[in-house]
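Step one of this worksheet: look at the structure below.
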2 protein chains.
Amino acid sequence: MIRRETRQRKTVLDVLRRAGSHPTADVIYGQVREIIPNISKGTVYRNLKILQEDGEIAELSLSGTVNRYEGRKENHYHFRCMRCGDVFDLDEPVDKGLDERVAARTGFEVASHRLEFCGLCRDCRRK
Amino acid sequence: MIRRETRQRKTVLDVLRRAGSHPTADVIYGQVREIIPNISKGTVYRNLKILQEDGEIAELSLSGTVNRYEGRKENHYHFRCMRCGDVFDLDEPVDKGLDERVAARTGFEVASHRLEFCGLCRDCRRK
DNA sequence: TTAGGTGCAAAACCTTTGCCATCCC
DNA sequence: GGGATGGCAAAGGTTTTGCACCTAA
């Protein structure tokens, strides 16, 4: 399947890259609609899926039912505030050897790992 | 709100504790129904939520839309096979100091962390 | 007795899909 | 031209909820 460059797909990617956060599909849809007012939700979902397949973006399946997306490519870790629900990127260094150690110990083929912290963010712990 | 001990809630917890895996709500529903044939799905969902609130069980929000649940209380890590979708518990030692290090670095209050590996399980990598 | 719980069914959500028109290469 | 995409709306699947009836304490 040869990908075609469409305005819709490009805009979805742009919005996500510029977001700097981890928006839900619905939030992305809202922002894209400011640029392409008649874009449909189905198109946003389809393109989010395609961009994932192409490795352009990643789907974050953190807690909760709703998926969130992010545009960064390098692996990094996340912190989710249990009060406000916001998700932050962390600078914590990524342990590159972790995958290999687990692979050696389990016999599984380890492709990647994902580390998520949970607690209260700076703003919420003050309240 | 004072909790009452009902057969339904007790059975949901029992099933999950004995499962040793990470079943979806639907799978739990199926197994509970072998014991209480006329239990409703709503009750299973309600009790899964209550048991979470009480810290008896945990919801795993790994990839995919469907939530999975587990009965273990101590922190431990998971491996998800990207082909068969199964989730395995790992023996990998839990890094107890990790939360504190991140807390010190970020100023967030870190309650816990969750580490998930992704790849191919032993069976699937052979195929 | 009575607040909490259950069953049932409908509603609410999020996401995917089918279809046909449209657009890119 | 022809296959990839988009828009629209309906379908699909999971989870939540309202309500009347129970039931544990």
Side-chain angles (χ1 to χ4, degrees), chain A residues 1-16 19 21-70 80 85 87, chain B residues 1-16 19 21-70 80 85 87:
Chain A
M1 166 102 52
I2 295 139
R3 299 269 183 254
R4 217 171 262 180
E5 185 170 303
T6 65
R7 195 158 86 91
Q8 285 85 345
R9 178 139 65 235
K10 214 171 166 184
T11 306
V12 167
L13 181 57
D14 275 4
V15 162
L16 188 47
S21 64
H22 309 80
T24 61
D26 204 56
V27 168
I28 296 169
Y29 170 62
Q31 293 189 19
V32 172
R33 224 163 39 150
E34 290 175 13
I35 303 166
I36 309 175
N38 67 325
I39 195 173
S40 75
K41 223 170 212 177
T43 298
V44 172
Y45 274 106
R46 253 185 308 244
N47 279 317
L48 285 172
K49 179 154 284 196
I50 288 172
L51 289 167
Q52 268 181 79
E53 284 171 17
D54 294 354
E56 293 294 330
I57 67 172
E59 187 180 87
L60 267 59
S61 293
L62 308 173
S63 295
T65 309
V66 194
N67 283 323
R68 289 170 173 275
Y69 298 86
E70 72 177 354
R80 183 173 42 78
V87 177
Chain B
M1 164 103 50
I2 295 140
R3 299 265 183 256
R4 212 172 271 177
E5 185 170 304
T6 65
R7 195 157 87 91
Q8 286 85 343
R9 179 139 65 235
K10 215 171 166 185
T11 306
V12 167
L13 181 57
D14 275 3
V15 162
L16 188 46
S21 65
H22 309 81
T24 61
D26 204 53
V27 168
I28 295 169
Y29 170 61
Q31 294 189 17
V32 172
R33 221 161 42 147
E34 291 176 11
I35 302 166
I36 309 177
N38 68 325
I39 195 173
S40 75
K41 225 171 209 175
T43 297
V44 170
Y45 274 104
R46 257 186 306 241
N47 280 317
L48 285 171
K49 179 154 284 194
I50 288 171
L51 289 167
Q52 269 181 81
E53 285 172 17
D54 294 353
E56 293 294 329
I57 67 172
E59 186 180 88
L60 267 61
S61 295
L62 308 172
S63 295
T65 309
V66 194
N67 282 325
R68 289 169 173 274
Y69 299 85
E70 72 177 354
R80 183 173 42 79
V87 177

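Below, all heavy atoms of this structure are taken into account, side chains as well, without hydrogens, waters or symmetry copies. What you see is a predicted model; the values in this text were computed from it and never measured. Residue numbers start from 1 in every chain, and the chains themselves are labelled A, B, ... in the order their sequence lines are given, proteins ahead of strands.
- Atom pair B:Asp26:CG and D:dT15:C1' shows a separation of 11 Å (rounding to whole Å applied).
- In this structure, the separation between CD1 on A:Ile36 and OG1 on A:Thr43 is 9.0 Å, given to the nearest 0.5 Å.
- Distances from the side chain of B:Arg4 to the nucleotides C:dC14, D:dG7, D:dA25 place D:dA25 closest.
- Atom OH of A:Tyr29 is separated from atom C1' of C:dT15 by 14 Å (rounded to the nearest Å).
- In this entry the distance linking CD1 of B:Ile50 with C1' of C:dG5 reads 8 Å, nearest Å.
- Nearer the 5' end of DNA chain C, as judged by each residue's closest nucleotide, is the contact made by B:Ile36, out of A:Gly42 and B:Ile36.
- A distance-only check finds no donor-acceptor pair linking the side chain of A:Arg68 to the backbone of A:Leu60 [under 3.5 Å].
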| message | Could you go through A:Val15 and A:Ile35, starting from their C-alpha distance and side-chain angles, then the distance that decides it, and tell me whether this counts as side chain to side chain contact (heavy atoms under 4.5 Å, CB included)? | response | CA-CA 10 Å; A:Val15 162; A:Ile35 303 166; 4.2 Å; yes
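- Between the CE atom of B:Met1 and the C1' atom of D:dA24 there is a distance of 15 Å, given to the nearest Å.
- The distance from atom CD1 of B:Ile2 to atom P of C:dG5 is 10 Å, rounded to the nearest whole Å.
- Under 3.5 Å, the side chain of A:Arg9 and the base of D:dG6 form no donor-acceptor pair of N or O atoms.
- Straight-line distance from the NZ atom of A:Lys10 to the C1' atom of D:dG6: 17 Å, rounded to whole Å.
- A:Arg3 comes within contact range of the sugar-phosphate backbone alone, with a heavy-atom separation under 4.0 Å but no base atom that close.
- One cannot find a donor-acceptor pair under 3.5 Å joining the base of C:dG5 and the side-chain atoms of B:Arg7.
- Judged by distance alone with a 3.5 Å cut-off, no donor-acceptor contact links the side chain of B:Arg33 to the base of C:dG7.
- Rounded to a whole Å, the CG atom of A:Leu48 is 13 Å from the C1' atom of C:dT16.
- B:Arg3 and B:Glu53 are joined by a salt bridge, as a carboxylate oxygen and a charged side-chain nitrogen come within less than 4.0 angstrom of each other.
- When distances run from any side-chain atom of A:Glu5 to the nucleotides C:dG7, C:dC25, D:dT15, the shortest one goes to C:dC25.
- The line from OG1 of B:Thr11 to CG of B:Leu16 is 12.5 Å long, rounded to the nearest 0.5 Å.
- Distances shown here put every side-chain N or O of B:Gln8 at or beyond 4.0 Å from the OP1 or OP2 atom of D:dT23.
- To the nearest angstrom, P of D:dC21 lies 17 Å from CG of B:Asn38.
- Between A:Thr43 and the phosphate of D:dG7, there is a side-chain N or O to OP1/OP2 separation shorter than 4.0 Å.
- The listed nucleotides are D:dG7, C:dT16, D:dG6; the one nearest the side chain of A:Tyr45 is C:dT16.
- Within the 4.0 Å cut-off from OP1 or OP2 of D:dT14, not a single side-chain nitrogen or oxygen of B:Lys41 is found.
- Nearest to the side chain of B:Arg46, among D:dG6, C:dT15, C:dT6, sits C:dT6.
- Within 4.0 Å of A:Asn47, counting heavy atoms only, lie sugar-phosphate atoms of the nucleic acid but no base atom.
- At C:dT6, one or more side-chain N or O atoms of B:Thr6 fall inside 4.0 Å of OP1 or OP2 (strictly under the cut-off).
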| Evaluation steps, side chain to side chain contact (heavy atoms under 4.5 Å, CB included), between B:Glu56 and B:Ile50 | CA-CA 9 Å; B:Glu56 293 294 329; B:Ile50 288 171; over 6 Å; no
